[in-house]
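Working notes, structure below.
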Amino acid sequence: MTVRDSGTLEDLAERLDDAALTATAIEQISERTGLSVHDAYRVQDLSISRRLGRGERMTGIKMGFTSREKMRQMGIDETIWGRLTDAMEITETLDPDRHIHPRAEPEIAFRLSRAPEPDEPPASLATAVAAVAPAIEIIDSRYADFRFNLADVIADNASSAAYVLGQWQDYTGSINGLDVTLTVDGEVAESGSTTAILGDPLAALAAGARLAARYGRPLAAGDLVLAGAATAAVPLRAGTRVEARVEGLGSALFRVAGKDTA
Ligand code: OOG
Ligand code: MG
C-alpha cells in the first residue's frame with residue numbers, strides 16, 4: 001500500500017490518536033505505507049485536529065532531536081517538531097495508566113512575544129522571546145517497544161505526551177552553558193548542559209520557527225516552544241518524584257502516581 005489520498009492519511013491519524021487515547025501500542029506505520037516525511041507531518045496535523053475537535057487548544061510546539069544525546073538514544077539524527085495542546089500540560093501528578101511506556105526528559109521552554117520573521121536567525125530571535133522556564137517533557141511513543149523511524153515518529157507527534165513547566169522568568173540574555181539535571185526521588189538520573197541543545201537553545205527555536213512554518217503551522221505571539229531535551233530520556237516509575245533543574249532558572253517537577261514497586 002502506498003499512502004496517496006488523504007483518506008488513508010486520516011486513517012493513520014485515527015490509529016495514532018486511538019493508540020494515545022487508549023494507551024495501547026501499535027505497529028510502526030511508515031515502512032508498510034511508504035509514508036514520506038511530508039505526509040507524516042500531515043498525519044500529525046490530522047491527529048492533532050482530532051484533539052482540537054474534542055475541545056483541546058493548541059499551546060505551541062515541541063522540538064525533537066535537537067541534542068546528540070537524544071539522537072544517539074533513539075537512532076535518528078534529524079531535527080523534528082510536534083504540536084502541544086493545553087490538555088498535555090500537567091501541574092502535579094502524571095497518571096502512568098494513561099500512558100504506554102512514558103519517559104521524562106529535561107527541557108527549556110520559551111514563550112514568544114511576537115511571530116518570528118521567515119528564516120530569522122537565532123540572535124535576532126532573542127527579541128521574540130518574552131520568557132523562559134525550566135520544563136520537563138513526557139514522551140510516550142505510541143509504537144511498540146519505543147521503536148520507530150523518522151516518518152513514524154513525526155506522524156506520532158514526535159512522541160509527545162505531556163509537559164510540565166517551572167516558573168516563567170523574563171528572558172534577559174543568553175541561556176547557553178547552563179547545567180541541567182534530571183533527578184528521580186532526588187537521585188541524579190541524567191545530567192548535561194543547555195549547550196547540548198543545538199549548541200544554543202535559541203538555535204532550536206530558530207529551527208522550530210522554520211520547520212513549523214514549512215509544515216503549515218507558523219509560530220505566533222504567545223506560543224510555547226519546548227527546545228528539545230538536553231539529555232537522554234528516563235523511563236518513569238510509579239510513585240516517584242521527577243525534577244528537572246536548570247542552573248539559574250530553577251526547576252520543573254511532578255509526581256508519577258501509584259506505588260514504587262522497584
Ligand atoms: C522523540 C522525541 C524527541 C526530544 O526532546 O529530543 C524529543 C522520542 O525520543 O521519542 O522530544
Ligand atoms: Mg523532548
Side-chain angles (χ1 to χ4, degrees), residues 16 19-20 23 25-30 37 40-41 43-44 47-48 59-85 88-90 94 99-110 132-166 175 180-182 189-208 211-212 215 224-236 242 244 246 252 254:
L16 283 159
I26 60 171
E27 294 302 309
Q28 293 177 48
I29 57 177
S30 72
V37 163
Y41 276 113
V43 173
Q44 181 191 118
S47 79
I48 298 301
T59 51
I61 69 163
K62 55 125 334 151
M63 299 305 293
F65 306 127
T66 51
S67 70
R68 228 168 247 134
E69 286 65 23
K70 283 291 305 183
M71 293 175 183
R72 194 174 321 126
Q73 183 180 34
M74 304 313 296
I76 288 181
D77 59 7
E78 195 165 314
T79 296
I80 64 173
W81 68 285
R83 292 153 160 94
L84 301 174
T85 74
M88 293 165 73
E89 181 171 0
I90 54 173
L94 179 93
H99 300 281
I100 302 164
H101 36 210
R103 300 176 177 178
E105 49 193 27
E107 306 227 359
I108 295 279
F110 292 107
V132 290
I136 301 173
E137 186 185 22
I138 291 97
I139 53 171
D140 188 35
S141 176
R142 268 55 67 165
Y143 302 111
D145 304 322
F146 233 108
R147 286 169 61 96
F148 44 70
N149 65 28
L150 181 62
D152 289 317
V153 65
I154 290 169
D156 184 28
N157 199 28
S159 302
S160 200
Y163 60 89
V164 184
L165 300 174
I175 50 158
V180 175
T181 56
L182 187 77
E190 287 289 338
S191 59
S193 160
T194 53
T195 309
I197 303 165
L198 286 181
D200 179 348
L202 273 180
L205 177 59
L211 288 173
Y215 293 108
L224 166 71
V225 178
L226 290 181
T231 73
V234 174
L236 293 179
V242 180
V246 182
F254 70 100

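The analysis underlying the following values was restricted to heavy atoms, covering all of them including side chains, and did not include hydrogens, waters or symmetry mates. As the structure lists them, so they are numbered: ligands from 1, and atoms in each ligand from 1.
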**Report entry** Pair T59, Y163: side-chain N/O donor-acceptor within cut-off below 3.5 Å
**Finding:** yes
Query raised in the report: Crowded around E89 CD? As in, over 12 foreign heavy atoms under 6.0 Å?
Result: yes
Report task. Just do the side chain to side chain contact (heavy atoms under 4.5 Å, CB included) check on F254 and L236 with the steps written out, would you? Result -> CA-CA 11 Å; F254 70 100; L236 293 179; 4.0 Å; yes
Query raised in the report: Name the residues with a heavy atom less than 4.0 Å from ligand 1?
Result: K62, M63, G64, F65, K70, M74, E105, E107, E137, I139, F146, F148, V153, A158, S159, G228, A229
**Report entry** Donor + acceptor pair across side chains of Q28, R147 (<3.5 Å)
**Finding:** no
Report summary line: What lies under 2.8 Å from the Mg ion (ligand 2), restricted to protein N/O/S atoms, is E105 OE2, E107 OE2, E137 OE1
Report summary line: The reported gap from CE in M63 to CD1 in I197 (rounded to nearest 0.5 angstrom) is 11.0 Å
Report summary line: From the list Y215, Y41, F65, ring-ring contact (aromatic ring centres under 6.0 Å, His included) partner of W81 resolves to Y41
**Report entry** Polar contact flag, side-chain donor to acceptor under 3.5 angstrom, E190-T181
**Finding:** no
Query raised in the report: For the atom pair CD1 (I76) and CD1 (I154), what is the distance rounded to the nearest 0.5 Å?
Result: 8.0 Å
Report summary line: Minimal heavy-atom distance between L202 and F110, with the atoms involved, is N-CZ, 4.1 Å
